[in-house]
Amino acid sequence: MSPETIWGERWLNCDQPIAREYMEVACKKQSLVVLAADKNSMQELNDLIEDVGDYISALKTHVDLIDDWSKNAWDDFIGKAKEKNLLIFEDRKHGDIGKIAKKQMGGIYNSRAWADLITAHLISGISVLDGIQEAWSEVGKSGGVLVLAQMSSEGNLLELPGYTDSVIKMAKLHSACFGFIGNGSRPNELKELRKKVGQGKMIWTPGVNLNANDAVLGQRYGDPKDAILSGSDAIIVGSGIHNATNPKDAAKKYAEISWNALLQRRE
Ligand code: S5P
């Protein structure tokens, strides 16, 4: 089956090349899993990608979590992820004014060179997207921003009346906007978000874990199948995979659940 048949309206309306690339990879791998690779050493990251890379469709990083980070080790790791056909998604959660966000794409980590996707809050206005876009274009690269429209953590201020609506309204029209981060732990909120976003943008959702009791420090978890059926296009899974006794089996399981949910959604 073609990606168009599988993704339906989303394929037709999400026509950015990078969104199409994600949807194609997801079909090839039969997985809507984005791995949140929240490990602290290069060795752990390399082992993890070796182990589960075939069962995920994108790799989400927090580059500043790593104790023994070096440019060479990082380039190697990104190379391995690319061999596994993964989009690289740095979860930087930018939020400064445009010109600083632009500079923050450089610096030691230089995420403009290797990140295909990056997260941003619109708390300081739309200029953050302009800044990120300019940073990519200066190194001859283009990428997409996932804008935080909802969050999975308890008591987050994005829930205040009007915030999510304003973010969607502003970001939807911006060419750097790949899509939105939604709250994977609350299917009903996600359905509302999908209605507001429409078909033309991705919604990717963290806060997904088959064991809701794993949640610590205000994190909230929901079910992967519910998230996809409620309009999410990718489940972002961290500890559900990397803290599992057998990460490979866990990744396979999340992949299967997410893929079957997508097939069910199109029926
Ligand atoms: O609202 C959010 C947004 C994000 S990007 N809630 C989140 O948990 N995240 C990220 O998803 C978070 O930074 C972490 O990397 C991942 C969730 O990890 P888990 O171990 O709880 O699955």
Side-chain angles (χ1 to χ4, degrees), residues 22 31-40 44-45 48-49 52 55-66 81 86-95 111 115-123 128 132 143-160 163-164 167-168 171 177-187 189-190 192-193 197 202-228 230 232-245 247 250-251 253-255 257-258:
Y22 165 70
S31 169
L32 277 62
V33 177
V34 176
L35 172 70
D38 297 333
K39 290 292 182 189
N40 301 105
E44 287 172 299
L45 285 176
L48 188 60
I49 207 71
V52 310
Y55 311 103
I56 61 175
S57 290
L59 168 72
K60 186 176 87 64
T61 56
H62 279 298
V63 67
D64 52 355
L65 294 188
I66 301 151
L86 302 172
L87 283 173
I88 313 295
F89 166 20
E90 166 61 13
D91 189 7
R92 174 63 178 75
K93 296 191 180 72
H94 281 283
S111 52
D116 303 304
L117 295 168
I118 207 145
T119 39
H121 283 287
L122 289 201
I123 192 72
V128 68
I132 293 171
V145 183
L146 275 152
V147 175
L148 279 287
Q150 295 178 333
M151 290 197 77
S152 62
S153 46
E154 218 171 279
N156 73 78
L157 300 181
L158 283 67
E159 289 172 354
L160 290 177
Y163 185 88
T164 298
V167 160
I168 295 167
C177 175
F178 168 85
F180 296 91
I181 294 292
N183 176 8
S185 75
R186 293 291 181 275
E189 290 175 23
L190 207 46
E192 285 305 306
L193 182 67
V197 167
M202 291 272 119
I203 296 178
W204 287 17
T205 52
V208 170
N209 194 316
L210 287 163
N211 187 0
N213 295 330
D214 280 355
V216 292
L217 291 173
Q219 178 65 301
R220 297 177 294 182
Y221 285 131
D223 179 75
K225 179 177 173 188
D226 290 346
I228 302 295
S230 305
S232 163
D233 302 310
I235 47 167
I236 298 174
V237 185
S239 25
I241 293 176
H242 65 71
N243 275 352
T245 321
K253 193 167 175 183
Y254 281 98
I257 294 171
S258 63

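Whatever order the structure lists ligands and atoms in, that order sets their numbers, starting from 1.
- Close N/O approach between T119 and ligand 1 is not found [any backbone or side-chain N/O within under 3.5 Å].
- Between E189 and R220 no salt bridge is recorded (no basic side-chain N to carboxylate O distance below 4.0 Å).
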Notebook entry, point to check: Going through the checks in order, is the side chain to side chain contact (heavy atoms under 4.5 Å, CB included) test met by R186 and L190?
Noted result: CA-CA 6 Å; R186 293 291 181 275; L190 207 46; over 6 Å; no
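- The protein heavy atom nearest to atom 14 (C) of ligand 1 is D38 OD2, 3.4 Å.
- Protein heavy atom at the shortest distance from atom 13 (O) of ligand 1 is H62 NE2, 3.0 Å.
- The proximity of M151 to ligand 1, defined as any non-hydrogen pair under 4.0 Å, involves the side chain as well as the backbone.
- At a 3.5 angstrom cut-off on N or O pairs, G238 counts as close to ligand 1.
- Using 4.0 Å as the threshold, N209 has no heavy atom nearer than that to any atom of ligand 1.
- Any N or O atom pair closer than 3.5 Å counts here, and H242 shares no such pair with ligand 1.
- Looking at atom 8 (O) of ligand 1, its nearest protein heavy atom turns out to be Q219 NE2, 2.9 Å.
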Check: So D91 and I236, side chain to side chain contact (heavy atoms under 4.5 Å, CB included) or not? Walk me through it.
Finding: CA-CA 11 Å; D91 189 7; I236 298 174; over 6 Å; no
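- At a 3.5 angstrom cut-off on N or O pairs, Y221 counts as close to ligand 1.
- In terms of protein heavy-atom proximity, atom 6 (N) of ligand 1 is closest to S152 OG, 2.7 Å.
- Residue P206 touches ligand 1 through its side chain alone, judged by heavy-atom distances below 4.0 Å.
- Pairs engaging residues 206-216 under the salt bridge (Lys or Arg N to Asp or Glu O under 4.0 Å) rule: none recorded [sequence neighbours left out].
- For ligand 1, none of its N or O atoms has an N or O atom of Q150 under 3.5 Å away.
- Shown here are the side chain to side chain donor-acceptor pair (under 3.5 Å) partners of E154, two or more places apart in sequence or in another chain: there are none.
- For atom 5 (S) of ligand 1, the nearest non-hydrogen atom of the protein is D91 OD2, 3.0 Å.
- Side chain of T61 to main chain of V63: no donor-acceptor pair is present (N/O by atom type, distance under 3.5 Å, no hydrogens or angles).
- Side-chain atoms of N209 never come within 3.5 Å of backbone atoms of Y221 as a donor-acceptor pair (strictly under, hydrogens ignored).
- Among all protein heavy atoms, the one lying closest to atom 20 (O) of ligand 1 is S239 OG, 2.5 Å.
- By the 30° and 60° cut-offs, the orientation of the rings of W204 relative to Y22 is tilted.
- Using a 3.5 Å distance cut-off with no hydrogens or angles, the side chains of Q219 and S152 do pair a donor with an acceptor.
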